[in-house]
Amino acid sequence: MKIIDKNKKVFFEYEIDEKFEAGIVLVGSEVKSIRLGNVRIADSFCFFEKGELWLKNCHITPYEKGSYFNEDAKRSRKLLLNKRELDKLVGKIKTKGLTLVPTMIYFNKNRVKVEIVLAKGKKLHDKRQSIKEKDLKREADRAVKEYR
């Protein structure tokens with residue numbers, strides 16, 4: 001598994017419930033651009049339209065050596081999941097008020113995959129608690145390192 005891009009901000013902004021691996025529909029020049037690492041998923045999100053799952057605002061830079069057939073950099077791209085998984089996601093989003101956010105894009109056996117998580121937004125006090133825990137862990141690691 002070769003990781004291309006990660007969205008680390010998700011773990012600070014959201015409480016993670018479940019993770020899913022989804023395929024993504026791309027054209028050839030987009031795959032070549034992703035192989036070069038020209039993709040950003042920092043501001044992207046997932047939504048449902050007509051029973052299908054879509055990825056919005058994922059920026060894939062057009063391939064340099066491509067022709068005029070290159071696609072738009074921020075177009076919506078279809079995500080591929082089983083029907084059972086899609087139904088499960090729709091139910092949880094509607095009942096619990098959760099959201100779908102992509103966390104990582106990577107190659108798995110020469111296929112581009114997107115890891116999406118079912119997440120709930122954190123409140124401000126939850127974010128402060130996360131920062132506090134992170135600082136305490138950092139201080140503990142430093143103390144252990146000095147002790148050695």
*Do K137 and E133 come within less than 4.5 Å of each other through their side chains, counting heavy atoms only?*
no

*asked:* Does any part of the side chain of P102, heavy atoms only, come nearer than 4.5 Å to the side chain of C46, both counted from C-beta?
replied: yes

*asked:* Within this structure, what is the CZ-CD1 distance for the pair F107 and I3, rounded to the nearest 0.5 Å?
replied: 12.5 Å

*Applying the 4.5 Å side-chain criterion to the ILVMFWY set and letting contacts propagate, would F45 and W54 be lumped into a single cluster?*
yes

*asked:* Under the side chain to side chain donor-acceptor pair (under 3.5 Å) definition, can you give me all pairs with a residue in residues 88-110, not counting sequence neighbours?
replied: E18-K88, E18-K92, E21-Y106, E21-N108, T103-E115

*asked:* Could you measure the distance from the CD atom of E15 to the CG atom of L98? Nearest 0.5 Å is fine.
replied: 10.0 Å

*Pairs in or reaching into residues 31-46: which pass side chain to side chain donor-acceptor pair (under 3.5 Å), with residues at least two apart or in two chains?*
none

*asked:* Within the 4.5 Å heavy-atom criterion, are V39 and H59 side-chain neighbours or not?
replied: no

*Can you hop from L79 to V112 via hydrophobic side chains spaced under 4.5 Å?*
yes

*Spell out, as yes or no, whether a donor-acceptor pair under 3.5 Å connects the side chain of D5 to the backbone of I41.*
yes

_Is there a continuous path of hydrophobic side-chain contacts, each under 4.5 Å between heavy atoms, that joins V114 to F20?_
yes

*Check the hydrophobic clustering (I, L, V, M, F, W, Y; side-chain heavy atoms under 4.5 Å; chains of links allowed) and say if I116 and V10 are grouped together.*
no

*Linking Ile, Leu, Val, Met, Phe, Trp and Tyr by side-chain heavy atoms under 4.5 Å, what else ends up with L80?*
V25

*Is it true that a side-chain atom of E30 and a backbone atom of V27 form a donor plus acceptor pair closer than 3.5 Å?*
yes

_Those residues that, when tested against R84, pass side-chain contact (heavy atoms from CB on, under 4.5 Å) (two or more places apart)_ = none

_salt_bridge(D141, R138) N-O dist < 4.0 Å_ = no

*Report the residues that fulfil side-chain contact (heavy atoms from CB on, under 4.5 Å) with F48, sequence neighbours left out, ordered by chain and then residue number.*
L53, L86, L89, V90, I93, L100

*Hey, any chance I24 and M104 share a hydrophobic cluster, counting ILVMFWY side chains that come within less than 4.5 Å of each other, even indirectly?*
no

*How close do G37 and I4 get, heavy atom to heavy atom, and via which atoms?*
CA-CG2, 4.1 Å

*Is it true that a side-chain atom of R111 and a backbone atom of G23 form a donor plus acceptor pair closer than 3.5 Å?*
no

*Taking the side chain as every heavy atom from C-beta outward, state whether I16 and F11 have any atom pair closer than 4.5 Å.*
yes

_Reported CZ-to-OG distance for the pair F47 and S76, which is rounded to 0.5 angstrom_ = 4.5 Å

*asked:* Nearest 0.5 angstrom please: N57 CG to R77 CZ, how far?
replied: 10.0 Å

*asked:* Taking side-chain contact (heavy atoms from CB on, under 4.5 Å) as the definition, give me every residue that meets it alongside K83, ordered by chain and number, with sequence neighbours left out.
replied: D87

*Does the side chain of Y63 reach to within under 4.5 Å of the side chain of V31, using non-hydrogen atoms?*
no

